[in-house]
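Note that this is a predicted model, so its numbers are computed, not measured. A, B, ... follow the sequence lines: proteins, then strands. Residue 1 opens every chain.
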Amino acid sequence: MSAQDEAPRLDFIREIVAADQASGTHQGRVATRFPPEPNGYLHIGHAKSICLNFGVARDFGGTCNLRFDDTNPVTEDTEYVDSIQEDVQWLGFSWDDRLYYASDYFERLYECAVRLIRDDKAYVDSLTADDIREYRGTLKDPGRESPYRSRPIAENLELFARMRAGEFPDGAHVLRAKIDMASPNITMRDPILYRVRRAHHHRTGDAWCLYPMYDYAHPLSDAFEQITHSLCTLEFEDHRPLYDWLIANVTGLPGRPRQIEFARLNLTYTVMSKRKLLQLVEDGHVHGWDDPRMPTLSGLRRRGFTAEAIRRFCDEIGVAKRENVIDVGLLEFCVREDLNARSPRAMAVLRPLKVVIENYPEGQTEDFEVASHPDNAALGTRHVPFGRELFIERDDFLEDPPKKFFRLAPGREVRLRGAYLVTCREVIKDAGGQILELRCTYDPLTRGGDAPDGRKVKATLHWVSAAHAVDAEVRLYDRLFTHEMPGSGQADFLTQLNPNALEVLTGCKLEPSLAAPAAGARFQFERLGYFCADQDGAASRPVFNRTVTLRDNRATLPG
RNA sequence: UGGGGCGUCGCCAAGCGGUAAGGCGCGGGUCUUUGGAACCCGUAUUCGAAGGUUCGAAUCCUUCCGCCCCAACCA
């Protein structure tokens with residue numbers, strides 16, 4: 001095996017970076033940045049970008065900056081800048097001391113604009129917004145030059161200064177790059193660089209009433225930070241000529257960044273646009289940005305996802321330019337795999353059905369020491385009490401079981417995990433025929449769950465001692481939408497919300513070791529799935545969120 | 001008949017002229033005190049289509065077809 005045989009396959013971006021590094025472009029330096037706009041919470045799509053940007057920096061011995069693209073004060077807020085920092089750190093990445101804000105560059109950006117004006121490469125346009133749109137032309141028809149395009153440099157300089165000084169109302173003037181109104185690329189038809197906006201900025205306050213546009217601020221910010229590879233999503237592909245134009249035409253820039261575009265992440269059964277997520281929060285369809293139904297990092301975290309699982313997911317999906325929709329099943333696979341390895345097991349009965357062991361001595365209690373993980377002794381053991389009265393899962397019993405059902409049924413023997421083999425002797429019902437409880441007998445010789453005579457039992461059930469059970473609330477989560485691609489076609493995504501995405505169960509019975517979990521503590525509830533203690537839980541009454549169910553191979557499930 | 005992208009298995013994704021990696025999913029099996037986990041097999045004669053170049057094409061050329069993005073003083 002040669003080294004090449006083992007070389008990791010690089011995505012197209014890492015190939016470019018590797019080639020640049022090998023050829024000495026940027027003196028072999030690699031610098032990326034993650035540039036969120038603080039106008040919403042980060043979601044799993046951002047995780048892809050974070051893993052890419054920080055990952056490329058890590059793989060090539062470079063750096064990755066965190067930069068807030070805060071050029072539009074009307075939609076941005078410090079609540080978002082705080083949550084974004086928390087989420088990036090939680091995901092496991094560090095920007096060290098390289099935390100930047102586009103707003104920190106406002107003065108510098110302004111100076112660059114003045115330089116462009118002096119070089120006759122930008123002008124103040126006084127057309128109305130409507131007229132600017134009108135003059136811009138259409139996809140097929142070229143635009144027309146604004147009558148203000150030929151304004152003398154001196155006049156542009158004076159007007160631009162007065163725009164900054166606050167002498168004009170919003171919308172009165174804009175600064176535009178002087179490029180080409182006939183360009184087939186609409187982005188190049190004298191793009192707007194600055195607009196007058198009397199808005200309070202979350203960081204600069206009222207210092208400015210003139211704010212730069214993304215298309216202008218972004219490439220220059222990249223250059224200021226000497227970013228080498230500026231990674232963004234596909235919709236900015238058309239903007240790259242403008243990016244390059246600015247890098248080439250603004251004099252005195254310290255860096256020559258290169259923009260490379262990749263396809264954003266789409267996931268089935270959810271939405272990823274910040275606009276739609278905001279709407280879900282504001283209209284109360286979910287309980288907040290960190291609602292465990294949300295694809296936000298804070299939602300996934302509260303749901304019980306680990307950062308490792310999300311990073312693994314981002315590795316699995318790859319990076320390319322092809323539009324993609326990832327099956328949410330892959331995300332679930334990644335959490336299960338991670339949680340399976342690390343989660344201590346415990347028993348919890350979600351929908352309790354009482355079981356009385358008739359031949360078990362009244363008042364007796366036993367204590368079983370049970371391993372917390374079947375394949376990892378390092379996770380230790382816990383003590384699980386057993387008694388005459390127990391709870392089992394209601395759907396682990398069927399009075400008239402179909403062929404494939406091999407759990408408890410009248411006359412049938414099953415194992416209670418870690419305890420005994422029990423046989424169902426009698427079904428107690430109320431007047432309406434509702435099953436109230438089961439009468440069973442146990443075989444004292446099967447203590448621990450093994451039958452000395454070697455007889456086999458088809459099923460093992462989880463259970464909780466009634467006398468020791470801890471009552472809990474358990475929140476069952478499912479996919480947020482009923483459609484694979486919400487909002488596709490004519491559909492209004494809100495009409496495709498899954499009404500059963502959250503099911504709240506109360507009166508769930510937990511084994512005592514689960515009585516007072518730390519918020520965020522994760523367990524596998526045996527045979528049910530992975531659960532995470534929610535912050536809403538109190539010491540006396542824990543609340544658990546179901547992260548994901550266990551994989552279930554049962555061909556057909558009755559009822 | 002404006003411009004920019006993209007089309008390899010159900011979903012992702014390698015492949016970079018030498019004879020279709022891998023993951024998820026799916027099907028089958030072994031094992032099992034979680035119908036979990038683990039393990040083992042199987043799952044594209046074919047790369048959007050058609051022509052062409054070549055000893056040889058998913059990779060090169062031509063044409064065609066399909067999908068996505070762009071006409072915010074949003075990012």
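- For the side chain to side chain donor-acceptor pair (under 3.5 Å) test, residues two or more places apart in sequence or in another chain that qualify with A:Thr460 are A:Arg415.
- Checking B:G35, B:A71, B:A75 against the side-chain heavy atoms of A:Asp69 singles out B:A75 as nearest.
- B:A72 shows a glycosidic angle within 90° of 0 and is accordingly assigned syn.
- Rounded to a whole angstrom, the distance from the P atom of B:C41 to that of B:G22 is 12 Å.
- Heavy atoms of A:Tyr211 sit nowhere under 4.0 angstrom from any nucleic acid atom.
- Across all strands, A:Met188 comes closer than 4.0 Å to no nucleic acid atom at all (heavy-atom distances).
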Got a list of protein N/O to nucleotides 37-42 of chain B N/O distances below 3.5 Å?
unit_1, atom_1, unit_2, atom_2, d
B:A37, OP1, A:Arg551, NH1, 3.4
B:A37, O2', A:Asn340, ND2, 3.2

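- Distance from the side chain of A:Leu550 is smallest for B:U34 among the nucleotides B:C73, B:U34, B:C11.
- Put simply, the side chain of A:Glu167 never gets that close to the backbone of A:Arg162: no donor and acceptor are under 3.5 Å apart.
- Nucleotide B:C67 forms a Watson-Crick or G-U wobble pair with B:G5, both donor-acceptor distances falling under 3.5 Å.
- Here the P atom of nucleotide B:A71 and the CE atom of A:Met213 are 11 Å apart, to the nearest Å.
- At a threshold of 4.0 angstrom between heavy atoms, the contacts of A:Phe406 include nucleobase atoms, whether or not backbone atoms are also involved.
- With sequence neighbours left out, the salt bridge (charged side-chain N to carboxylate O under 4.0 Å, His left out) criterion links A:Glu15 to no other residue.
- Across all strands shown, A:Ile132 has heavy atoms under 4.0 Å from base atoms, whether or not it also approaches the sugar-phosphate.
- Side chain of A:Gln524, nearest nucleotide from B:C74, B:G35, B:U34: B:U34.
- Between the A:Ser372 side chain and the A:Pro344 main chain, no donor and acceptor come within less than 3.5 Å of each other.
- Not one N or O on the side chain of A:Glu261 forms a donor-acceptor pair closer than 3.5 Å with the backbone of A:Glu235.
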Legend entry - Under 4.0 Å protein heavy-atom contacts per nucleotide of nucleotides 12-22 of chain B, with B for base, S for backbone only and - for none: SBSSB----B-
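- For A:Arg240 and B:G4, the shortest distance from a side-chain N or O to OP1 or OP2 is not below 4.0 Å.
- The distance between atom CZ of A:Arg176 and atom C1' of B:C73, rounded to the nearest whole Å, is 10 Å.
- The salt bridge (charged side-chain N to carboxylate O under 4.0 Å, His left out) contacts involving residues 339-349 of chain A comprise A:Glu308-A:Arg342, A:Asp338-A:Arg342, where partners must be two or more places apart or lie in separate chains.
- Counting any heavy atom pair closer than 4.0 Å across all strands shown, A:Ser273 reaches no nucleic acid atom.
- Side-chain atoms of A:Tyr123 and A:Asp190 include a donor-acceptor pair closer than 3.5 Å.
- Here A:His218 lies out of heavy-atom contact (under 4.0 Å) with every strand.
- Taking atom NZ on A:Lys458 and atom C1' on B:U34, their separation rounds to 16 Å, with Å as the unit.
- The 5' end of RNA chain B is approached more closely, in terms of each residue's nearest nucleotide, by A:Lys140 than by the other of A:Lys140 and A:Gly418.
- Comparing B:A21 with B:G27, their P atoms are spaced 24 Å from each other, to the whole Å.
- As rounded to whole Å, 14 Å separates atom C1' of B:C24 from atom CG of A:Asp315.
- The listed nucleotides are B:C69, B:A71, B:A75; the one nearest the side chain of A:Asp238 is B:C69.
- Using a 4.0 Å heavy-atom cutoff across all strands shown, A:Thr71 reaches sugar-phosphate atoms only and no base atom.
- Checking the phosphate oxygens (OP1, OP2) of B:U32, no side-chain nitrogen or oxygen of A:Thr460 falls inside 4.0 Å.
- Closest approach to the A:Asn72 side chain among B:G4, B:C73, B:A75 is made by B:A75 (side chain taken as heavy atoms from C-beta onward).
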Validation: residues 315-323 of chain A side-chain donor-acceptor distances under 3.5 Å, sequence neighbours left out:
unit_1, atom_1, unit_2, atom_2, d
A:Glu316, OE2, A:Arg312, NE, 2.9
A:Glu316, OE2, A:Arg312, NH2, 3.3
A:Lys321, NZ, A:Glu237, OE2, 2.3

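- Separation of the P atoms belonging to B:C47 and B:G10 is 13 Å when rounded to the nearest angstrom.
- Residues A:Phe106 and A:Tyr211 place their aromatic rings such that the two centres sit under 6.0 Å apart.
- Neither side chain, A:Glu37 nor A:Tyr80, offers a donor N or O lying under 3.5 Å from an acceptor on the other.
- A:Thr187 and A:Asp238 are not linked by any side-chain donor-acceptor pair at a separation below 3.5 angstrom, with hydrogens and angles left out of the test.
- Within 4.0 Å (heavy atoms only), A:Arg189 reaches no atom of the nucleic acid at all.
- Of all nucleotides listed (B:C24, B:C73, B:U34), B:C73 comes nearest to the side chain of A:Arg136.
- Of the charged side-chain nitrogens involved, none lies within less than 4.0 Å of a carboxylate oxygen, so that A:Arg33 and A:Glu225 do not count as a salt-bridged pair.
- Relative to the side chain of A:Glu526, the nucleotides B:C73, B:U34, B:G3 differ in distance, and B:U34 lies closest.
- Residue contacts shown for A:Leu193 are absent, as no nucleic acid heavy atom lies under 4.0 Å away.
- Going from atom CG of A:Asp141 over to atom C1' of B:A71 covers 11 Å, rounded to whole Å.
- Considering only side-chain N and O atoms, A:Arg195 lies under 4.0 angstrom from the phosphate OP1 or OP2 of B:C74.
- When each of A:Leu139 and A:Asp170 is assigned the nucleotide of RNA chain B bearing its nearest heavy atom, the one mapping closer to the 5' terminus is A:Leu139.
- Taking atom C1' in both B:A58 and B:G7, one finds a spacing of 12 Å when rounded to whole Å.
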